[in-house]
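Only one structure is covered here, and it is reproduced in the block below.
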Amino acid sequence: MKYQNRDIKRLILPVLILFILVSWNSDEEVFKRLGKIKPKPALEIETSDLWIGGEVLDRDLCDYDAYKEYLGNLGAKKIRLQSGWAKTEKEKGIYDFAWLDHIVNDAISRGVQPWIQLSYGNLIYEGGGGVSLSAGLPHSEEALNAWVNYTKAIVERYKDRVNEWEIWNEADHKNNLEFGSDVNTYARLFVKTVKTIKSIQPDAKIVALSIAGVGNSEFVDGFFQYLQKHGDVNWVDVITFHGYPRNPDHGFDAVNKLVATSTKYNPNIEFWQGETGCPSTFGSTGALRGYHWTEHTQAKWDLRRALAHIGRGYKFSLFLISEFVYNDAQRKGLNSKGILKIDEEDFSIEYAKPAYYAYQNLCSVFGRELKLLNDFGFKAETDSSLSVFGWKSIEGKPIVAYWKKNRIPTNEDTFFDINIDIKSVEFNNPVLVDPISGEVKSIPKGRIRKENIGFVFEKIPAYDSPLLITEKELIEIK
């Protein structure tokens with residue numbers, strides 16, 4: 001019995017030492033789960049550069065009341081609405097804004113600020129333009145006078161609630177040429193519209209172009225040359241641009257070209273991404289229809305697209321909150337870019353897609369006043385191409401986003417390790433956040449090294465969707 005107890009003690013001691021070593025190594029090497037991001041509704045967010053599209057309500061292609069409960073909870077701070085001239089003025093000179101009143105007032109009550117695009121045409125007027133995308137602009141004198149009267153009515157009605165007015169949608173679309181609409185048609189409409197808006201709301205912010213062909217310098221030049229002759233280039237406060245590349249990190253060379261062309265005429269113009277998004281299915285009507293998207297790749301695409309824009313200083317509106325069904329002569333069928341899945345018969349919401357929750361998580365983290373780190377420096381040791389962007393809160397707390405950018409998002413999640421050297425930031429309690437899942441994890445101390453002007457994170461996971469390194473106190477965890 002004496003020898004048996006001695007053998008037990010000899011066995012227990014090394015097992016105990018091994019347990020201590022394993023426990024110590026676990027603390028140093030494991031990314032411990034802390035919980036998930038607790039989403040913040042828009043009412044709890046004061047400011048954000050992440051917005052959402054609420055388009056096509058003017059043509060009854062989806063149902064605002066079906067998705068309104070999801071709107072405020074998403075955390076996007078603004079919603080882009082199309083005003084629907086044809087829906088509002090069905091008899092000449094008689095305006096019924098009841099449908100838009102309901103949407104504007106309800107969105108504001110949920111903490112989401114509308115910005116309104118003035119569009120499309122109206123068939124009750126000869127030469128009144130088409131009532132859908134790329135179906136022509138108003139061009140006859142009667143129609144233009146009616147358009148001015150409509151603009152007066154809508155600005156007068158909403159001037160106490162809306163101060164950002166976008167004039168038309170994708171006037172540069174090539175199909176408009178079939179209906180006799182070119183750059184001068186748009187520029188003339190723009191001049192008349194701005195004069196009308198400013199006569200009622202002098203401090204209104206004017207949003208121009210809403211351009212589809214982002215690199216189309218000829219159209220942009222023509223627009224500003226018309227303004228020089230017939231108006232004022234300083235009327236343009238903002239230019240919105242669109243874009244639907246398969247790889248969400250592509251297209252910024254064209255944006256740079258747009259910025260260079262526009263700022264020749266007015267160096268004070270802001271630039272917003274006004275419309276971009278990804279389908280969740282193959283064969284979706286509209287842009288990107290010819291690729292085998294899934295709900296998972298949609299979520300990755302949307303996150304990368306959003307961060308690639310705000311990381312370059314462009315405010316961002318995701319197209320769009322709800323799926324919708326086209327029913328006009330040019331387009332028919334489901335557009336699955338919405339982050340809410342609909343019943344195609346009655347437009348009710350069947351469920352929120354992964355992209356909804358991913359964007360909701362992003363809105364929660366970035367729903368604050370942030371300064372883009374223009375002097376932000378990084379060095380990544382990896383064999384994969386990375387996008388890396390940095391921001392700092394007003395309290396000086398950093399957010400760093402990174403992801404593999406050289407491929408279209410895949411449906412598989414293939415992680416790999418990177419070493420990343422981040423300059424000009426100061427971390428106290430950094431955590432790792434995956435917006436797709438909402439997971440928040442601690443970063444092992446053994447993988448963080450402080451250097452003179454920054455931090456080195458070693459063997460940090462990465463994949464083809466954004467991960468965030470940020471301060472724990474910036475994340476509300478549930």
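Note that this is a predicted model, so its numbers are computed, not measured.
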query: Is the charged tip of K300 near the ring of Y463: under 6.0 Å from the six-membered ring centre and within 45° of its axis?
result: no
message: Would R188 pass as a cation-pi partner of Y226, given that its NZ or CZ must be under 6.0 Å from the six-membered ring centre and within 45 degrees of the axis?
response: no
Parallel, tilted or perpendicular, as decided by the 30° and 60° cut-offs, for the rings of Y125 and W85: parallel
- request: Examine K77 relative to W51 and say whether NZ or CZ is less than 6.0 Å from the centre of the six-membered ring and inside a 45° cone about the ring axis.
  value: no
message: Taking the side chain as everything from C-beta on, heavy atoms only, tell me whether V194 gets closer than 4.5 Å to W165.
response: no
- prompt: Counting distance only, does the side-chain N/O of K353 pair as donor-acceptor with the main-chain N or O of G338 below 3.5 Å?
  reply: yes
field: side chain to side chain donor-acceptor pair (under 3.5 Å) between S336 and W293, intermediate numbers included
entry: CA-CA 10 Å; S336 66; W293 303 103; over 6 Å; no
Basic-acidic side-chain contact under 4.0 Å: E295, K341: no
- prompt: Of F190, W168, Y265, which meets ring pair (Phe, Tyr, Trp, His ring centres under 6.0 Å) against F223?
  reply: F190
task: Give the intermediate values and the outcome of salt bridge (charged side-chain N to carboxylate O under 4.0 Å, His left out) for residues K92 and E89.
output: CA-CA 6 Å; K92 290 184 179 182; E89 187 183 356; over 6 Å; no
Geometric class of the Y64/H102 ring pair [parallel <30°, tilted 30-60°, perpendicular >60°]: perpendicular
Ring pair (Phe, Tyr, Trp, His ring centres under 6.0 Å) partner of Y70, the single match among Y356, Y357, Y351: Y356
query: Are a donor atom and an acceptor atom from the side chains of S210 and N169 found within less than 3.5 Å of each other?
result: yes
message: Could you tell me if the side chain of K38 sits less than 4.5 Å from the side chain of S364, heavy atoms only?
response: no
